[in-house]
Amino acid sequence: MVTALKNAYLHFAVGLHGDAPFSAAVAKQVLTFFTNQNVILVSPENEDYHLSEREKEILHLMEDALNYKGIAEKLYISYKTVRTHVRNIYTKLHVTSRNEAIMKARQHGLS
């Protein structure tokens with residue numbers, strides 16, 4: 001089941017010819033739907049990702065669709081500091097993109 005969902009995700013995320021079949025906003029809605037409806041199954045893990053409170057706060061703002069500049073302004077920190085926190089979040093969660101980080105955070109109750 002999980003493999004089938006991953007294959008479907010890759011098919012829709014990349015498209016048949018390498019182009020995106022729908023916008024990022026639509027992709028976010030689809031991902032949110034499947035995550036919230038528990039259609040995407042996650043193996044039960046009690047892994048502690050050791051995210052700091054600031055990293056959790058930034059992850060939550062990323063879920064709210066704020067870009068790095070918006071996060072920096074809201075938290076009164078520099079753009080570079082936001083980038084550093086996001087890079088640390090990706091490393092700790094073992095992900096490579098914003099969408100992966102958000103999805104993993106939702107699945108594991110981190111945000």
Side-chain angles (χ1 to χ4, degrees):
M1 177 77 170
V2 173
T3 303
L5 286 170
K6 284 181 182 178
N7 289 338
Y9 170 78
L10 289 174
H11 173 75
F12 286 111
V14 176
L16 295 176
H17 304 291
D19 55 339
F22 45 79
S23 72
V26 172
K28 181 180 177 184
Q29 288 177 336
V30 170
L31 183 61
T32 299
F33 171 79
F34 283 110
T35 302
N36 291 340
Q37 297 300 317
N38 294 322
V39 174
I40 297 175
L41 302 175
V42 178
S43 60
E45 297 176 14
N46 292 327
E47 187 169 350
D48 183 6
Y49 293 101
H50 303 290
L51 293 178
S52 70
E53 289 304 313
R54 182 61 106 184
E55 290 165 344
K56 289 177 186 177
E57 186 176 15
I58 288 174
L59 189 54
H60 180 70
L61 293 172
M62 289 168 61
E63 283 184 326
D64 291 342
L66 283 171
N67 61 19
Y68 290 5
K69 183 179 178 191
I71 293 170
E73 289 172 359
K74 186 165 183 91
L75 299 179
Y76 303 104
I77 58 178
S78 75
Y79 177 88
K80 279 183 87 172
T81 301
V82 173
R83 277 190 12 208
T84 299
H85 281 302
V86 170
R87 187 172 49 244
N88 291 339
I89 291 167
Y90 288 2
T91 300
K92 289 178 180 182
L93 295 180
H94 309 289
V95 298
T96 58
S97 73
R98 178 186 196 106
N99 286 337
E100 284 180 303
I102 291 169
M103 185 169 133
K104 194 163 196 174
R106 286 181 181 166
Q107 290 174 337
H108 293 276
L110 299 173
S111 58

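Not measured: the values here are computed from a predicted model.
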Ignoring hydrogens, what is the shortest heavy-atom contact between [X] and [Y]? Give both atom names and the distance.
| X | Y | value |
| --- | --- | --- |
| L93 | A101 | CD1-O, 3.9 Å |
| Y79 | K69 | CD1-N, 3.9 Å |
| K104 | V95 | CD-CG1, 4.0 Å |
| K56 | L51 | CE-O, 3.6 Å |

If you round to the nearest 0.5 Å, how far is [atom2] of [Y] from [atom1] of [X]?
| X | Y | atom1 | atom2 | answer |
| --- | --- | --- | --- | --- |
| E55 | R87 | CD | CZ | 11.5 Å |
| I102 | S97 | CD1 | OG | 8.5 Å |
| I89 | S52 | CD1 | OG | 7.5 Å |

Quick check against the 3.5 Å criterion: does [X] have a side-chain atom that pairs as donor or acceptor with the backbone of [Y]?
| X | Y | value |
| --- | --- | --- |
| K92 | H50 | yes |
| R83 | Y68 | no |
| T84 | K80 | yes |
| E57 | R54 | no |
| E73 | G70 | no |

L75 and L61: side chain to side chain contact (heavy atoms under 4.5 Å, CB included), yes or no, with the steps? CA-CA 10 Å; L75 299 179; L61 293 172; 3.9 Å; yes
Is there side-chain contact between [X] and [Y], with heavy atoms separated by less than 4.5 Å?
| X | Y | result |
| --- | --- | --- |
| Y90 | R98 | yes |
| H60 | D64 | yes |
| I71 | V86 | no |

Side chain to side chain contact (heavy atoms under 4.5 Å, CB included) for H94 and E100? Distances and angles first, verdict last. CA-CA 9 Å; H94 309 289; E100 284 180 303; over 6 Å; no
